[in-house]
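A short write-up of the structure that comes next.
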Amino acid sequence: MERLDKILSSTGRWSRREVKELVRAGRVTVDGVPAQSPEQKADRAGSEIRVDGESISASQYTYLMMNKPAGLVSATEDPREPTVLSLLPGHLRKIGLFPAGRLDKDTVGLLLLTNDGVLAHELLAPKKHVDKTYLVRVEGRFDDADVTAFREGITLADGYACLPAGLELTGPDQALVTLHEGKYHQIKRMCAARGKPVAFLKRLTFGPLALDGNLAPGEWRELTEEEIESLRQNKQKNLNIPIEIDGERRYNIE
Ligand code: URA
């Protein structure tokens with residue numbers, strides 16, 4: 001049980017002072033009964049809290065799926081460029097949301113935003129190896145040698161040997177790339193190593209999450225309970241591919 005003013009202010013929509021006024025004005029109900037004071041205790045998950053009749057979702061953490069458009073940086077703030085947070089309404093910019101993983105400024109598609117630091121950390125930890133799938137279009141044409149090279153592991157210009165990755169050709173210059181690791185500009189550098197610069201890159205999946213086709217670029221929605229649970233479980237297909245742990249390659253056979 002937590003204080004009502006704490007629960008309501010954590011949504012980012014009202015300050016504690018504003019909650020006090022709302023309660024005084026009789027605009028807040030808890031399980032259908034007008035709240036008596038801002039200090040009153042309520043159950044964040046179990047109580048039905050309403051303000052002016054509107055049911056308030058006050059779960060401790062927020063999880064958003066965004067269809068990131070080109071031109072925004074995946075950060076909470078940036079001295080020069082607009083960030084993905086600029087697409088959110090004011091109250092969602094005040095609750096500590098951050099992108100779990102980054103997409104380049106010109107990359108579009110699925111971006112997860114949350115303020116659940118523990119879950120984000122788990123999803124991004126190399127040991128957990130959350131697979132990601134991207135649609136890529138290159139300047140040039142893909143061929144079977146590219147598929148083999150991706151499967152065997154591309155060596156980047158700086159000498160880094162990538163883990164084996166999936167390359168499924170969907171057109172002469174288009175493919176689905178599945179990554180089992182996430183290095184800086186990874187797909188761009190992998191394609192560059194094959195002499196095929198990336199012309200377009202879109203993330204379609206992030207672990208068990210798939211980009212919602214109803215989200216236009218720049219749109220976002222809250223994750224469903226099932227989606228959040230699947231992230232917690234981090235359900236993955238049992239891919240027998242090597243993962244990197246503390247610099248060593250091991251096979252994931254769980
Ligand atoms: N690989 C890239 O090169 N860029 C991204 O944004 C994601 C993966």
Side-chain angles (χ1 to χ4, degrees), residues 64-78 80-87 97-114 120-121 123-126 128-142 146-147 149-171 173-212 215-220 231 236 239 241-244:
L64 306 179
M65 171 189 293
M66 178 181 282
N67 184 0
K68 179 192 172 298
L72 299 180
V73 294
S74 302
T76 51
E77 48 189 85
D78 190 278
R80 284 174 299 275
E81 315 271 9
T83 74
V84 288
L85 287 193
S86 67
L87 295 173
L97 291 173
F98 59 89
R102 284 167 183 258
L103 292 176
D104 297 337
K105 187 177 162 193
D106 57 352
T107 301
V108 300
L110 175 49
L111 189 66
L112 172 67
L113 293 143
T114 185
H121 178 76
L123 293 171
L124 300 175
K128 303 278 172 165
H129 113 82
V130 171
D131 287 354
K132 290 149 197 131
T133 314
Y134 296 81
L135 178 67
V136 63
R137 205 175 68 238
V138 289
E139 290 167 25
R141 294 171 84 85
F142 280 124
D146 296 320
V147 178
F150 270 63
R151 190 172 56 230
E152 290 177 350
I154 302 243
T155 300
L156 302 180
D158 64 359
Y160 175 76
C162 298
L163 291 174
L167 184 73
E168 188 188 320
L169 305 190
T170 52
D173 60 352
Q174 267 196 20
L176 292 175
V177 177
T178 304
L179 289 187
H180 313 295
E181 61 184 341
K183 303 288 179 200
Y184 181 65
H185 287 339
Q186 183 157 358
I187 294 182
K188 289 178 184 160
R189 292 193 293 152
M190 288 166 94
C191 292
R194 300 294 304 162
K196 293 159 195 180
V198 167
F200 175 80
L201 188 58
K202 178 178 189 175
R203 182 152 71 189
L204 301 178
T205 71
F206 179 88
L209 294 185
L211 180 62
D212 184 333
L215 292 177
E219 289 185 344
W220 54 273
L231 279 179
Q236 288 283 315
L239 295 162
I241 49 109
I243 55 169
E244 202 168 24

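Start at 1 and go down the list; that is how both ligands and their atoms are numbered.
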Atom pairs and distances, side-chain donor-acceptor, residues 149-156, under 3.5 Å, sequence neighbours left out:
none

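- Contacts of E168 classified as side-chain contact (heavy atoms from CB on, under 4.5 Å), with partners at least two apart in sequence or in another chain: L176.
- Checking side-chain atoms of E181 against main-chain N and O of L163 turns up a donor-acceptor pair under 3.5 Å.
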Give the table of side-chain donor-acceptor pairs shorter than 3.5 Å for residues 106-113, with sequence neighbours excluded, one pair per line with atom names and distance.
{"residue": "D106", "atom": "OD1", "partner": "K188", "partner atom": "NZ", "Å": "2.7"}
{"residue": "D106", "atom": "OD2", "partner": "K188", "partner atom": "NZ", "Å": "3.4"}

I'd like a table of the close N/O pairs between ligand 1 and the protein (anything under 3.5 Å), one pair per line with both atom names and the distance.
{"residue": "ligand 1", "atom": "1 (N)", "partner": "I187", "partner atom": "N", "Å": "3.1"}
{"residue": "ligand 1", "atom": "3 (O)", "partner": "H185", "partner atom": "O", "Å": "3.3"}
{"residue": "ligand 1", "atom": "3 (O)", "partner": "Q186", "partner atom": "N", "Å": "3.4"}
{"residue": "ligand 1", "atom": "3 (O)", "partner": "I187", "partner atom": "N", "Å": "3.3"}
{"residue": "ligand 1", "atom": "3 (O)", "partner": "K188", "partner atom": "N", "Å": "3.0"}
{"residue": "ligand 1", "atom": "4 (N)", "partner": "D104", "partner atom": "OD2", "Å": "2.7"}
{"residue": "ligand 1", "atom": "6 (O)", "partner": "D104", "partner atom": "N", "Å": "2.8"}
{"residue": "ligand 1", "atom": "6 (O)", "partner": "D104", "partner atom": "OD2", "Å": "3.4"}
{"residue": "ligand 1", "atom": "6 (O)", "partner": "T107", "partner atom": "OG1", "Å": "2.9"}

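- Within 6.0 Å of CZ on R189 lie more than 12 heavy atoms contributed by other residues, nucleotides or ligands.
- Of the possible donor and acceptor atoms, one in the side chain of K68 sits under 3.5 Å from a partner among the backbone N and O of D104.
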